[in-house]
Amino acid sequence: MNKEHNLIASNIGNIVGMVIIICILAFMIFHPRKENQYDVRYVEIFVEEKEITEINGEAVYLIHTKDRNGNPETFEIANEALGERFEESHVYKEIKTGKYYKFRIADPETYKSYYPSICGAVTLIDGFPPLEESEK
């Protein structure tokens, strides 16, 4: 009996640790983290111009683009859309005029922005990819 008691006493820290880990895992399984799910779309564009303008007393980072058909569209880089991962000024500096990109875009209402917001997945591409038969 003394050996069993010493075995339990010497491993009490491990036992308590395992119980805590099991409780945390059970909590995560039964109460999963709920993130806001918004409708987003991906666009492939050519960046023509960048500008920082002021709207209602705040700096707004704008990217002026054209799609493969030459249709102009303006996108906004907003901190709310980027979350805590990036700063809008850093993303703005990384996007270069005269280059092709694939952006992940959310509607203006999603992040209370003035223009559709770039909300991640800024990828430099080598021009517009060829159209598939279904897109022609």
Side-chain angles (χ1 to χ4, degrees):
M1 174 98 179
N2 198 14
K3 285 185 178 182
E4 288 179 15
H5 185 277
N6 286 339
L7 183 64
I8 292 172
S10 65
N11 288 317
I12 194 75
N14 292 338
I15 294 169
V16 170
M18 291 302 292
V19 168
I20 290 172
I21 289 172
I22 290 170
C23 289
I24 290 172
L25 289 174
F27 180 79
M28 291 172 64
I29 289 170
F30 294 111
H31 298 305
R33 184 174 167 205
K34 295 179 182 172
E35 293 185 15
N36 294 334
Q37 296 294 322
Y38 299 112
D39 290 332
V40 295
R41 61 187 166 105
Y42 288 88
V43 296
E44 293 170 342
I45 50 82
F46 176 76
V47 176
E48 286 196 316
E49 183 182 351
K50 302 182 335 180
E51 98 178 275
I52 302 172
T53 188
E54 191 171 306
I55 300 176
N56 294 332
E58 66 178 277
V60 178
Y61 294 82
L62 300 178
I63 307 293
H64 301 283
T65 69
K66 283 197 176 177
D67 65 11
R68 80 169 56 244
N69 299 323
N71 300 323
E73 191 164 6
T74 300
F75 300 107
E76 179 179 346
I77 305 171
N79 275 336
E80 295 79 18
L82 297 173
E84 298 176 0
R85 301 172 300 208
F86 303 103
E87 284 280 326
E88 59 193 0
S89 60
H90 294 127
V91 173
Y92 180 82
K93 288 178 190 174
E94 292 297 318
I95 296 172
K96 307 293 184 205
T97 57
K99 300 284 183 179
Y100 295 86
Y101 290 91
K102 184 174 185 177
F103 291 157
R104 185 171 171 224
I105 303 295
D107 292 328
E109 302 82 34
T110 304
Y111 297 105
K112 297 178 180 74
S113 57
Y114 303 101
Y115 297 91
S117 298
I118 298 170
C119 59
V122 175
T123 307
L124 183 64
I125 58 176
D126 294 327
F128 293 119
L131 288 176
E132 295 180 18
E133 286 298 318
S134 61
E135 295 176 342
K136 290 182 180 179

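For the single chain, residues carry numbers from 1 onward in sequence order.
Side-chain contact between F103 and I95: present, with at least one pair of heavy atoms (C-beta onward) separated by less than 4.5 Å. Y101 is not listed as a side-chain neighbour of I63, based on a closest heavy-atom distance of 4.5 Å or more. Under the 4.5 Å side-chain criterion, counting only non-hydrogen atoms from C-beta, V122 is not in contact with E94.
Checked by atom type and distance alone, the side chain of E88 pairs as donor or acceptor with a backbone atom of N79 at under 3.5 Å. When atom types are taken as modelled, the side chain of D67 and the backbone of N69 share a donor-acceptor pair closer than 3.5 angstrom. Remark: side-chain polar atoms of E80 are not paired, donor with acceptor, to backbone N or O of Y111 under 3.5 angstrom. The closest donor-acceptor contact from the side chain of K50 to the backbone of Y92 lies under 3.5 Å. Judged by distance alone, the side chain of E49 and the main-chain N or O of H64 form no donor-acceptor pair under 3.5 Å.
The pair R41-E73 meets the salt-bridge criterion, with a side-chain N (NZ, NE, NH1 or NH2) lying under 4.0 Å from an Asp/Glu carboxylate O.
Using cut-offs of 30° and 60° for the angle between ring planes, the Y100 and F46 rings count as tilted.
N71 CG: more than 12 foreign heavy atoms inside a 6.0 Å radius.
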>> Pair T65, T74 - check side chain to side chain contact (heavy atoms under 4.5 Å, CB included), show working.
In response: CA-CA 6 Å; T65 69; T74 300; over 6 Å; no
